[in-house]
Amino acid sequence: MRFTRYLVPTLREDPSDAVVMSHRLMLRAGLIRKESAGMYLYLPLGFRVLRKITDIVREEMERAGALEFLMPELTSADLWKESGRWEAMGKEMIRIKDRNGLEYALAPTHEEAFTAAVRSIVSSYRDLPLNAYQINTKFRDEIRPRYGVMRSKEFIMKDAYSFDMDEAGLERSYQSMRKAYRNIFSRCGIETIPVEADTGAMGGSASEEFMVASEVGEEVLLLCAACGYKANQERAQYRRSEAAPAGEPEDLRVVDTPNVRTIDDLAVFFNCGADRFLKSIVYLADSTPVMAVVPGDREINEVKLKNALGALEVELAPDAIVEEVTSAPVGFAGPMTKKPVRTIFDLSIRTTRNAITGANEKDKHYAGVKAGRDFIIAQEADITSAVKGDACPQCGAALDERKGIEVGHIFKLGYKYTKSMNLTVLDENGKAVYPIMGCYGIGVNRTMAAVIEQHNDDKGISWPMTVAPFQVHLVGIAKSEDEISAVEEIYGMLSNAGIEVLYDDRKASPGVKFADADLIGMPVRVTVGKSYFKDGEIEVKLRRESEIVRVGKDAFIGHVRGLIEIEWGRIS
RNA sequence: CGGGGUGUAGCGCAGUCCGGUAGCGCACCUGGUUUGGGACCAGGGUGUCGUAGGUUCGAAUCCUAUCACCCCGACCA
């Protein structure tokens, strides 16, 4: 491909609204342009990368025995009403009506669509196991799209749905996807960390996310170097100390605490650490008030809380509700409420004694509080987030914390959709049974961004060979007609050898060409200039290294082929 | 949704306080000289100053409303 016939609008300066590296580089290298918030268009160069990634995804999915479909993006409301998600998906799902007033959703995911498709097509156990997938656009009305294609309203996802006769079958499907995902990400040249994850609104049991460690990641991961435990903070567990706190047991007493409301205020007032307090927060769980009680130095994990309560939604209660529940102004809540309210305690509360907590009365706190004596733990659960330094739930070693970008997510769905949408097949005895499902997603655009996050330097992108838009970037530095034809000849040699080459044939200065080559980041750079015209030497350089190798015309193609092969081999 | 910020040429920005006929750099077009790490000379302006009202002899600038975008938070497969 000739640069002058292609369209690579590189930018010298960083666009002002791009804050993360991958976003900046995608814009500057001419891969994408913003259409509006959370919507991006892919220019030819960017689309080539997207295609390379989807090619890899497709190959690995086919190898795992999955079958490719293409589903409609416009999904009728009936489908969502069957599963109950027309309500449950909330505002994230974009809903539209046609001219007849029929309601549709722009698909944010395709469980319903695939379940309905399989229901109408498959009726025998002989057709299972089935793993159906597609590579298609998803629409999600994100509250806050950000970081370029990392979180956008419209994005490309590879989504797969497995249907098995029993749990053993699901386990096989799940493991085969797990393997396929590892292959896909490693072939894209990115290192991923598989972590245990929450199953979220999809429902189901086992779940793993594939994370790319990155400072700009939106997820927090807890990792144990000692035993290999890895989990998303939403789910990560930690071992609590069993030892009772030191000090003589105290009696319960009321302390005047005028205007002392927050944990920080209390720590100053009582001159002690935040861990001495019991933090009592009122939530609305599906509109019903619930009090959650955790140690003062801990954050409540709303995902865990939601799961422990069996609720669909939990949100902080407004002040009016808090005051009603506690019979006191906000800031003086405690588990010893005057009126009964459902209260859930974190697991670490059971050993509490000599603690300080709100007295459910204005300007008063209790001190010397002891669990079991002063209040009953009716329900306890793990409802606090693990943080760096906590004890690993498996081995007790200190957990480490990192940020990650979620590029893939696999989980066992169970019977949620087959039952709600009544998908059955006949087993060998002629009896109708519900298949069990798994579902598996990869964010394709996000994977592209993650590749760039992991492969860049101060000059630009440095593509892994497997996903690079072109394998070779040919820079010609020619003045005379003769020199230009000599470069053209090299370009012809590369093209004829079947090598993907972008040939910078612009009448620009060498500096401009080299700078653009580094910015766009093809893995191999070939320079044909004065050392070729004088000594017959073609210069070959890897983007990720600084060394330049000079080869003669005869050995040239063989050398480049060898490099491509080596670079390919480094990755897959 | 709460807090903060920004909208002026394709990109990056100045001009706004203090109203007086739209600017700079890069990119782009024409001609010429150049060519090994973002060249130079000469010429060229491609704009509804986000939008709509208002004040004024006169508005990018002041007032009102509104829209969009970005960041932090809340939220979120």
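In what follows, chains carry the letters A, B, and so on, assigned in the order in which the sequence lines appear, proteins first and then strands, with residues in each chain numbered from 1.
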From the candidates B:rA77, B:rC70, B:rC72, the one with an atom nearest any side-chain atom of A:Arg146 is B:rC72

Below 4.0 angstrom, which residues in residues 508-517 of chain A have at least one non-hydrogen atom near RNA chain B? A:Ala508, A:Ser509, A:Pro510, A:Gly511, A:Val512, A:Phe514, A:Ala515, A:Asp516

The Watson-Crick or G-U wobble partner of B:rU34, with both key distances under 3.5 Å, is none

Could you go through A:Phe69 and A:Tyr133, starting from their C-alpha distance and side-chain angles, then the distance that decides it, and tell me whether this counts as ring-ring contact (aromatic ring centres under 6.0 Å, His included)? CA-CA 6 Å; A:Phe69 284 62; A:Tyr133 82 101; 8.5 Å; no

Whole-Å gap separating P (B:rA74) and CD (A:Glu142): 15 Å

Letter by letter from the 5' end, nucleotides 23-30 of chain B scores (B base, S sugar-phosphate only, - none; protein heavy atoms under 4.0 Å) --BSS---

Between A:Lys419 and A:Tyr415, is NZ or CZ placed under 6.0 angstrom from the six-membered ring centre and within 45° of the ring axis? yes

Both A:Ala18 and A:Lys138 contact RNA chain B. Which one's nearest nucleotide lies toward the 5' end? A:Ala18

Taking all atoms of both residues into account, what is the closest heavy-atom pair of A:Tyr229 and A:Gln237, and its distance? OH-N, 3.1 Å

Start at the 5' end of RNA chain B and walk down; is the nucleotide closest to A:Arg550 or to A:Pro108 reached first? A:Arg550

Would you call A:Ile436 and A:Glu167 a side-chain contact if the rule is heavy atoms closer than 4.5 Å? yes

Please report, rounded to the nearest Å, how far the C1' atom of B:rC69 is from the CG atom of A:Leu27. 14 Å

Stretch residues 279-287 of chain A: residues that reach within less than 4.0 Å of RNA chain B through a heavy atom: none

A:Ser16 side-chain proximity, nearest of B:rC75, B:rG37, B:rC13: B:rC13

Length of the line joining A:Ile143:CD1 and B:rC72:P, which is rounded to integer Å: 15 Å

Hey, does the side chain of A:Arg85 come within less than 4.0 Å of B:rA77's phosphate (OP1/OP2), counting only N and O? no

I'd like to know if A:Glu112 pairs up with A:Arg85 as an ion pair, taking the criterion as any Lys NZ or Arg NE/NH1/NH2 lying under 4.0 Å from an Asp or Glu carboxylate oxygen. yes

Separation of atom CD1 in A:Ile477 from atom C1' in B:rA39, rounded to whole Å: 14 Å

Regarding the side chain of A:Arg144, the nearest nucleotide among B:rC75, B:rG12, B:rC71 is B:rC71

Between B:rA77 (C1') and A:Trp80 (CH2): distance, integer Å: 11 Å

Under 4.0 Å between a side-chain N/O of A:Tyr147 and OP1 or OP2 of B:rC72, yes or no? yes

